Amino acid sequence: MSFFPLYLILSAFGGSVAFGLSFLNKRLGSYILCASLLAGSIWGFFLVTSLEDSIIINLSQGGGFLSYSLAVTPIVLTASVFIYTIAFLLSLSLIRRRIRFEYFFIYGVIIFACNSMLFLADLFSIFVMIQIFAIGVMLLSLFQNFRAGSRGGYKYCINAGLIFVIMLGAIALIYSSLGTLNIASLSTAPSLNKFFGFLVGAGVLIGLFFKTALFPFNAWVPDLYRGVRSHLSATLASLSTLVGVILIARIVFTAMHPESAFGYAFNSINFLMFSVSIVSVFVGEFAALNSPDIKKMLAYSTVGQLGLIVLAVALAMNLIDKPVSQPVLFAALFLLIVHSIAKPMMYLIAGFFIKSSGKSRWDEMRGIGFAYPFLAGAFIIGGFALMGVPLFAGFWGKFGLIYYLFDGDNIAKLGLIIVIFTSIIEGVYFMRAGHSFFEKGDTEFIRKPVLNYWLIVFSIGVMLSVLIIIGIFPAPFSEMLNRFALEVFDFSAYTELILSGGGL
Amino acid sequence: MSNWLILMITASAVMLIGLYGLIAGKNLIRVLLSLNVLFLGLNFLLAVLSIPEDGMVSFGEGLPVISDPFLRYVAIIATIFGFCIIVAGIVIAIIYYKTHHTLEVHNFANAFSKPDDEEVVE
């Protein structure tokens, strides 16, 4: 474990080596990036199997306020392995492509930022990683297509700048009033005034809403997701949102619970999460329904899905005094993981179809399913998993939510209606696109072959297999997510771990 | 009125000017410059917040009396990140100008716009 920081920076290191060696051979960079991500997955797997109990790693840059802690728990480490693995599978699509050298380095850095956010335990370090991630995404927006990418990148830049001001202002006010930014210390700190607590709590959460692309912090989503390479769209839709929701759950349950520094503002913060998530569900789902562009449809669908997941976290927060709270949080995490596997798979397929057909609208891709039946079938199965069709992975998450919310109060019933509503709307737009792939039409526009066909099929096959296996045998996966939900919900062990390590 | 309060009001005023420019700006570069003013106001605010209202603090008996350094450290880090965001934004704006031949904000202010005329991106 003494080499743990090296594990975290492995992707950035791999990206920088890829950047350096790309000068020798333009296609070498993608191999090195993939190798470093695969090495990260394997190393992480061995760390998970050898880690018996949670540990704290203190990193110091001269002591005092410059020291910070990494809280390594088996479950968070598993999430980190998941990030490396998904990034590796996505990056296989880059192999043998002629890509500018810098892409590999910046991509490695954003994977490093994603991983680091999971382990950091103080708000300022998390803020720094969010900014590293945001700057990386801004720069990567310019690599594929100057015209569409610059449009999305500029919107992202302005949003990131505003979030920078709001989140840093909130962090500064928290530190000025409480003298700490450590999540564990905030958990036991004296309670702030209701209005002030809500103001600074919302400031911190707004930064994470931006990361999870929730309304109204999602103005950049359609243009950016459409304008960048599918590899990056998939990374943003999967890994960035995964980390964002885990951080939201960790912060609201550990640092904003009723006995914490934000105790008086707990209900107001819960209401804010409800409002933002419900509006996100409606805006995202209806916009996806009206979007003819396949990548935009997936982008808006991400907004709606994330709205639903954050809504489930808010419902768990609302039911915090009841035994049903932890299972609801478990269902939210289940939906999150399914989304983080299904959505990147669908983005890869969308990118492949766009490359193959030269068209970006799903209604102009009629007949492409006959040319690529496996990929078109995988797209439909991904849609099934997200909708929550039985025997597919998302079913257990949505079933869990419906089951636990059925006997709840009016707010729980409202959540229940929204869960059913999202499933119906998603069914309409995913199946509509899936159906058009198998409609008979002029297929002369389909250009074969596409570079990396078998590597892309391999990546999609792995993700598809996981979705089907989880759908049929959910027990081992559910057990792991239950432990994660328990760790987030029963935060005392986590706070003890962090406080034993000192730090900020 | 204490010096601390005057500094706080000044920092807030600079932030408000930046926010106004951000909302009212019609040119991509001007919007970025307004964002920069907003960042400056924020850094100023961080520096002011690092000075306690009632004077300076001591970290122990016999130690020199200094103000809390953490928020100044935050301000330095924020300056670096703010600079990076603005530079990245200006690069993007330049590329946007080269491809769209305009810097007008209203061309893409609508979040639900459908730039279907743009080329296909895989």
Side-chain angles (χ1 to χ4, degrees), chain A residues 64-66 124 128 131-132 134-135 138-139 141-142 144-151 153-158 160-162 164-165 168-169 171-173 175-176 179 181 216 218-223 226-230 287 290-293 295-296 351-352 354-355 357-361 504, chain B residues 15 18-19 22 25 28 31-32 34-36 38-39 41-43 45-46 48-50 52-53 59 68-71 73-75 77-78 80-82 84-100 105 107-122:
Chain A
F65 57 81
L66 293 181
F124 183 63
V128 167
Q131 293 311 316
I132 290 175
I135 293 167
M138 275 177 230
L139 297 176
S141 70
L142 298 171
Q144 173 68 6
N145 182 304
F146 280 172
R147 191 172 164 82
S150 61
R151 185 185 168 103
Y154 189 82
K155 284 187 178 179
Y156 188 83
C157 176
I158 298 298
L162 271 176
F164 175 92
V165 172
L168 193 60
I171 285 174
L173 289 172
Y175 185 80
S176 302
L181 291 173
N218 67 336
W220 53 275
V221 170
D223 282 327
R226 185 183 182 278
V228 299
R229 195 179 279 280
S230 290
N290 287 321
S291 188
D293 186 291
K295 282 178 82 176
K296 270 192 166 187
F352 184 93
I354 293 170
K355 179 82 174 171
S357 66
K359 297 174 189 301
S360 64
R361 293 168 65 110
L504 191 66
Chain B
M15 284 183 77
L19 194 61
L22 200 66
L28 298 188
V31 170
L32 281 172
S34 305
L35 192 62
N36 201 21
L38 193 58
F39 289 168
L42 178 73
N43 290 334
L45 187 74
L46 291 173
V48 176
L49 282 174
S50 71
E53 194 175 356
F59 283 94
D68 185 353
F70 177 73
L71 287 173
Y73 160 71
V74 171
I77 299 284
I80 295 165
F81 279 111
C84 291
I85 290 173
I86 296 299
V87 169
I90 288 174
V91 170
I92 293 169
I94 290 168
I95 291 173
Y96 184 86
Y97 180 73
K98 283 183 177 172
T99 52
H100 293 74
V105 167
N107 278 348
F108 68 100
N110 183 359
F112 296 99
S113 59
K114 295 176 182 171
D116 291 332
D117 58 318
E118 290 175 355
E119 60 259 57
V120 171
V121 186
E122 69 167 289

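Chain A is the first sequence line, chain B the second, and so forth, proteins listed ahead of strands; every chain is numbered from 1. No experiment lies behind these values; they were computed from the predicted model shown.
For B/Leu32, the parts lying under 4.5 angstrom from a heavy atom of chain A are both the backbone and the side chain. Contact annotation for A/Ile171: neither backbone nor side-chain heavy atoms come within less than 4.5 Å of a heavy atom of chain B.
For B/Ile85 against A/Cys157, the heavy-atom pair with the smallest separation is O-SG, 3.7 Å.
In this structure, A/Met138 CE and B/Ile92 CD1 are separated by 6.5 Å, a value rounded to the nearest 0.5 Å. Interatomic distance, CZ of A/Arg151 versus OG1 of B/Thr99, reported as 10.5 Å (0.5 Å rounding).
Two residues are said to be in side-chain contact when any heavy atoms from C-beta on lie closer than 4.5 Å; B/Lys98 and A/Ser150 fail this criterion. Considering only heavy atoms from C-beta on, B/Ile77 comes within 4.5 Å of A/Phe124 through its side chain.
A/Tyr156 meets the ring-ring contact (aromatic ring centres under 6.0 Å, His included) test with A/Phe210, A/Trp220; sequence neighbours excluded. When the side-chain contact (heavy atoms from CB on, under 4.5 Å) test is applied to A/Ile132, the partners found at least two apart in sequence or on another chain are A/Val109, A/Ala113, A/Val128, A/Met129, B/Phe81.
In this structure, the side chain of A/Tyr154 does not engage the main chain of B/Tyr96 through any donor-acceptor pair within 3.5 Å.
For the options A/Leu162, A/Leu139, A/Val165, heavy-atom pairs under 4.5 Å to chain B are most numerous at A/Val165. Comparing B/Cys84, B/Gly82, B/Ala78, B/Ala88 by how many heavy-atom pairs each has under 4.5 Å with chain A, the most go to B/Ala78.
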